[in-house]
Amino acid sequence: MTHPSPIAPTAKADILAQALPYIRKFHGKTLVIKYGGNAMTDPALQKAFAEDVVLLKLVGMNPVVVHGGGPQIETALKRLGKKGEFIQGMRVTDAETMEVVEWVLAGEVQQDIVGLINQAGGKAVGLTGRDGGLIRARKLKLADADDPSREHDIGQVGDIVAIDPSVVRALQDDQFIPVVSPIGFGEANESYNINADVVAGRIAIALQAEKLLMLTNIAGVLDKSGQLMPDLTAKRIDELFADGTLSGGMLPKISGALDAARSGVNSVHIIDGRVPHALLLEILTDQAFGTMIRSH
Ligand code: ADP
Ligand code: MG
């Protein structure tokens with residue numbers, strides 16, 4: 001027996017009809033989706049996410065998934081008796097932590113996502129930055145936020161040198177859905193841990209994506225009193241950095257988002273991944289949702 005739906009049939013039809021202009025507008029366009037936060041750990045949300053990605057592909061868009069994995073890395077480190085440490089939102093990555101990061105992200109998290117998308121009827125392919133030379137990196141020099149003349153050594157955390165998106169293009173042209181782990185490689189083939197938001201921003205730029213959507217574990221960017229800010233300009237973001245409204249994981253997220261908005265990605269949104277079908281809501285309806293990041 002099916003459950004009686006709380007939505008009247010005419011309202012349902014209305015919602016579906018609303019999607020048409022968006023399907024037309026985004027047909028053939030690339031959408032880069034940063035998958036992180038709770039949407040990645042709750043089984044019902046995972047399933048809804050995978051279905052959304054497949055639906056977008058089937059109506060002719062090109063979703064590219066870049067995933068994070070903070071909670072999963074944390075669990076694995078804990079099992080080894082190690083504790084994660086963060087400086088300015090970046091994970092301090094010694095050699096042993098890098099090994100854990102690489103096997104958790106590329107081995108476990110990425111393959112779980114690939115499996116979920118395939119179960120939902122899509123054809124996903126997992127990549128790290130090494131595959132097809134996608135993400136070249138070098139050691140990040142992290143200047144102190146308060147005293148830029150000071151530098152933090154955070155180990156094998158990478159700074160992106162170049163993105164070669166040809167492998168992603170080849171896959172998407174062949175109807176595959178690329179799922180990218182945020183691991184870069186250096187000149188000596190060494191691995192680098194890179195914040196997934198930063199990777200998503202740079203891949204969106206390299207692919208000249210139409211949209212960058214960052215799913216997270218909060219309603220969007222909040223002001224000092226905890227209110228959602230639906231719209232942010234570069235100037236306002238500078239103020240929020242300066243007055244300490246942004247902290248932790250929101251720092252690289254806003255940087256990645258702003259970078260993309262400034263470099264030609266048409267629409268950049270930080271959205272609530274705790275809402276089922278968050279992707280469909282943002283892409284295919286008139287509903288305002290999360291925080292939009294504008295370059296001016
Ligand atoms: P993700 O998995 O989405 O990358 P992060 O934990 O890295 O999640 O980043 C999101 C977190 O950033 C939020 O859960 C929140 O704790 C933190 N944060 C810091 N400042 C803000 C802010 N002004 N608005 C919203 N979240 C913020
Ligand atoms: Mg994060």
Side-chain angles (χ1 to χ4, degrees), residues 32-42 45-46 48-49 65-77 83-93 97 101 104-105 108-110 112-113 140 142 145 154 157-158 160 179-184 192-204 212-260 268-276 278-279 282 289-293:
V32 174
I33 300 157
K34 155 69 196 308
Y35 184 41
N38 300 57
M40 235 173 82
T41 46
D42 178 279
L45 291 172
Q46 284 176 339
F49 172 83
V65 177
V66 178
H67 70 85
Q72 292 90 337
I73 292 168
E74 216 48 46
T75 306
L77 286 175
K83 203 179 148 10
E85 191 196 329
F86 287 83
I87 297 178
Q88 291 170 211
M90 303 290 207
R91 179 183 296 282
V92 179
T93 309
T97 302
V101 167
V104 170
L105 292 184
E108 182 187 324
V109 178
Q110 177 210 80
D112 282 351
I113 299 168
L140 176 78
L142 185 66
I154 50 173
V157 173
I160 297 173
V179 177
V180 180
S181 305
I183 296 165
Y192 287 104
N193 172 25
I194 311 176
N195 182 278
D197 299 307
V198 174
V199 170
R202 291 290 296 273
I203 287 185
L212 168 62
L213 299 177
M214 293 172 157
L215 272 70
T216 186
N217 57 0
I218 199 158
V221 187
L222 310 182
D223 67 15
K224 271 228 169 352
S225 60
Q227 291 294 315
L228 175 69
M229 294 182 280
D231 218 294
L232 286 177
T233 59
K235 185 168 163 285
R236 184 81 186 97
I237 289 168
D238 280 343
E239 294 164 7
L240 297 172
F241 267 114
D243 73 8
T245 305
L246 309 172
S247 63
M250 199 43 80
L251 295 169
K253 198 179 301 296
I254 291 263
S255 299
L258 189 56
D259 199 17
V268 179
H269 298 261
I270 295 172
I271 62 175
D272 194 344
R274 299 168 304 180
V275 174
L279 282 180
E282 203 296 317
F289 186 42
T291 302
M292 180 168 188
I293 310 292

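Start at 1 and go down the list; that is how both ligands and their atoms are numbered. Position 1 is the first residue of the sequence; numbering continues from there.
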Check your understanding: Can you tell me if NZ on Lys235 sees more than 12 non-hydrogen neighbours from other groups inside 6.0 Å?
Key -> no
Practice item. May I ask you to decide if Pro71's main-chain N or O and Thr75's side chain share a donor-acceptor pair within less than 3.5 Å? Key: yes
Study note, to complete from the structure: Residues at least two apart in sequence or cross-chain that pass side-chain contact (heavy atoms from CB on, under 4.5 Å) with Ile160, listed by chain then number, are Ile135, Ile163, Ile194, Val198, Val199, Arg202
**Study point:** Backbone N/O of Val157 and side chain of Thr93: donor-acceptor pair under 3.5 Å
**Key:** no
Exercise for review: Kindly tell me which protein residues have any non-hydrogen atom under 4.0 angstrom away from an atom of ligand 1, grouped by chain and ordered by number?
Suggested key: Lys34, Gly36, Gly37, Asp197, Leu215, Thr216, Asn217, Ile218, Gly220, Val221, Leu222, Thr245, Leu246, Ser247, Gly249, Met250, Lys253
Point to revise | Within-4.5 Å side-chain heavy-atom neighbours: Met292 and Pro230 | key: no
Practice item. Could you tell me whether the side chain of Glu282 and the main chain of His269 form a donor-acceptor pair under 3.5 Å? Key: no
